[in-house]
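So the structure is just underneath, and the comments pick up after that.
Values below: every heavy atom of this structure, side chains too, minus hydrogens, waters and symmetry copies. Positions are given from 1, in the same order as the sequence printed here.
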Amino acid sequence: MASLDRVKVLVLGDSGVGKSSLVHLLCQNQVLGNPSWTVGCSVDVRVHDYREGTPDEKTYYTELWDVGGSVGSASSVKSSRAVFYNSVNGIILVHDLTNKKSSQNLYRWSLEALSKDSSPTGIIVSNGDYDREQFAENSVPLLLIGTKFDQIPENKRNDVLTRTAFLSEDFNAEEINLDCTNPRYLAAGSSNAVKLSRFFDKVIEKRYFTRDPSQMQSFTDRRRFNFKSLHSD
């Protein structure tokens, strides 16, 4: 097992959205009994079978880097987190489905990791200074995961899922919505499990089977678009 090739996947999002619980579920296939705040970064490993069931099947380590979501001054945030953003092969963006602000903040989290020139402090999305083309042109695979699905009232689920669908479109990423305290949301053969496997396959392909896979997309051309989907109540 020690000789397996590996990929690095960041797990980003605000504090309290359930990143640690999600990582534990993904890597240990069990619920995290007593989650605590992550300080700095915590790394866990999931073994993934690339292109499972085909002649090209091969086993890889996927390192999940759970980056602490606490905020601070711009300088302290950049200096403490920048080291975790090197040589990234994929990013899982995590938001709390019951907290719209945590969804809005994913734009700044992704830009911080991909361009290393932004910091998630204060109100993140206020004037629509984000270009969806930046994410469409991004070479690092993204996956959007919404947590606490079980806590959404039945009469509000359609509105929440409509909002997350817009979010998924903006990031050009598939979305998974789940409850981290219930493993059945990632049961083998389920649509969520298929999306997760497809994401890890894509990360591995970008890392090992494409030209210059270590080169991360640089966001230098920052055009603007009128961001609406997460501002509507």
Side-chain angles (χ1 to χ4, degrees), residues 1-13 19 22-29 41-67 81-94 106-107 109-117 131-146 165 167-178 185-221:
M1 296 289 283
S3 63
L4 292 180
D5 289 327
R6 62 190 62 213
V7 290
K8 176 181 177 180
V9 177
L10 293 178
V11 181
L12 302 178
K19 298 188 302 296
L22 173 66
V23 169
H24 191 80
L25 181 61
L26 293 177
C27 296
Q28 309 301 328
N29 195 31
C41 181
S42 176
V43 182
D44 208 341
V45 176
R46 173 187 173 95
V47 177
H48 176 70
D49 292 324
Y50 169 73
R51 301 196 67 178
E52 185 176 9
T54 74
D56 298 323
E57 180 176 341
K58 182 179 178 181
T59 302
Y60 290 82
Y61 280 140
T62 56
E63 296 178 347
L64 299 182
W65 290 53
D66 173 14
V67 179
R81 279 202 286 257
V83 65
F84 305 133
Y85 299 152
N86 294 323
S87 303
V88 173
N89 306 122
I91 298 177
I92 296 176
L93 298 169
V94 186
L106 293 182
Y107 288 85
W109 278 110
S110 59
L111 292 178
E112 178 185 294
L114 292 167
S115 62
K116 305 178 187 179
D117 66 356
D131 177 12
R132 74 177 68 217
E133 291 183 17
Q134 294 180 84
F135 302 107
E137 298 169 0
N138 166 46
S139 64
V140 178
L142 304 177
L143 178 66
L144 184 69
I145 295 185
L167 191 67
S168 175
E169 182 179 347
D170 282 346
F171 284 112
N172 191 31
E174 287 195 299
E175 63 171 328
I176 293 175
N177 297 313
L178 48 70
Y185 281 91
L186 293 175
S190 66
S191 61
N192 285 345
V194 171
K195 289 178 183 179
L196 189 66
S197 180
R198 193 155 54 210
F199 167 71
F200 287 130
D201 277 0
K202 188 175 182 180
V203 170
I204 291 166
E205 285 177 358
K206 290 284 187 179
R207 170 65 179 88
Y208 289 101
F209 302 105
T210 61
R211 191 173 183 180
D212 291 328
S214 62
Q215 297 300 313
M216 294 181 63
Q217 182 73 26
S218 176
F219 294 159
T220 56
D221 181 13

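Residues L26 and L186 have side chains in contact (heavy-atom distance under 4.5 Å, counting atoms from C-beta outward). The closest side-chain heavy-atom distance from V11 to V94 is below 4.5 Å. In this structure, the side chains of K206 and V140 stay at 4.5 Å or more apart for every pair of heavy atoms. Within the 4.5 Å cutoff, side-chain heavy atoms of L196 are placed close to those of R46. A 4.5 Å side-chain heavy-atom check between L64 and C27 finds at least one atom pair inside the cut-off. Looking at heavy atoms from C-beta onward, D44 lies in side-chain contact with Q28 at the 4.5 angstrom threshold. Between L10 and I92 there is no side-chain heavy-atom pair separated by less than 4.5 Å. Y85 is listed as a side-chain neighbour of E112, based on a closest heavy-atom distance under 4.5 Å.
Minimum heavy-atom separation, L106 to L12: CD2-O, 4.2 Å. Here the closest non-hydrogen pair linking A173 and L144 is CB-N, 4.4 Å. Smallest separation of non-hydrogen atoms from S190 and Y185: OG-O, 3.8 Å. Across all non-hydrogen atoms, the minimal contact from A193 to A187 is CB-O, 3.3 Å. The two residues W65 and C41 make their nearest non-hydrogen contact at CE3-SG, 3.7 Å. Counting all heavy atoms, side chain and backbone alike, F171 lies closest to S110 at CE2-OG, 3.4 Å.
Residue I204 holds its CD1 atom at 9.0 Å from OG1 of T59, rounded to the nearest 0.5 Å. To the nearest 0.5 Å, the span separating CG on D49 from CZ on F200 amounts to 12.0 Å. Put simply, CH2 on W109 and CG on L114 are 13.0 Å apart, with the number rounded to the nearest 0.5 Å. One finds the OH atom of Y107 at 4.5 Å from the CG atom of L167 (value rounded to the nearest 0.5 Å). The structure places NZ of K19 at 11.0 Å from CG of L93, a figure rounded to the nearest 0.5 Å. We find the OG1-CD distance between T54 and E52 to be 9.0 Å, quoted to the nearest 0.5 Å.
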What do the steps show when you test D66 against V43 for side-chain contact (heavy atoms from CB on, under 4.5 Å), and what is the final call?
CA-CA 6 Å; D66 173 14; V43 182; over 6 Å; no
With side-chain contact (heavy atoms from CB on, under 4.5 Å) as the test, would you mind laying out the steps for L178 and I145 before giving the verdict?
CA-CA 8 Å; L178 48 70; I145 295 185; 4.2 Å; yes
Verdict with reasoning, V88 to N86, per side-chain contact (heavy atoms from CB on, under 4.5 Å)
CA-CA 6 Å; V88 173; N86 294 323; over 6 Å; no
Evaluate the criterion ring-ring contact (aromatic ring centres under 6.0 Å, His included) for residue pair Y60 and H48; output intermediate values, then yes/no.
CA-CA 5 Å; Y60 290 82; H48 176 70; 8.0 Å; no
Does Y208 form a ring-ring contact (aromatic ring centres under 6.0 Å, His included) with Y50? I'd like the steps, not just the answer.
CA-CA 11 Å; Y208 289 101; Y50 169 73; 9.0 Å; no
Is there a side-chain contact (heavy atoms from CB on, under 4.5 Å) between N89 and V9? Walk through the geometry before answering.
CA-CA 6 Å; N89 306 122; V9 177; 5.5 Å; no
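A salt bridge links E63 with R6: the closest approach of a Lys/Arg side-chain nitrogen to an acidic carboxylate oxygen falls below 4.0 angstrom. Residues K58 and D5 are paired through a salt bridge, judged by an N-O separation under 4.0 Å between the basic side chain and the carboxylate.
For N29, there are no side-chain hydrogen bond (donor to acceptor under 3.5 Å, both in side chains) partners at least two apart in sequence or on another chain. In this structure E175 satisfies the salt bridge (charged side-chain N to carboxylate O under 4.0 Å, His left out) test with no other residue, sequence neighbours excluded.
Within 6.0 Å of NZ in K202 there are 12 or fewer heavy atoms belonging to other residues, nucleotides or ligands.
In terms of modelled atom types and a separation under 3.5 Å, the side chain of R51 and the main chain of D56 share no donor-acceptor contact. Remark: the backbone N or O of T62 is not paired with any side-chain donor or acceptor of K8 at under 3.5 angstrom. Judged by distance alone, with hydrogens and angles left aside, the side-chain atoms of E57 form a donor-acceptor pair with the main-chain N or O of G53 at under 3.5 Å.
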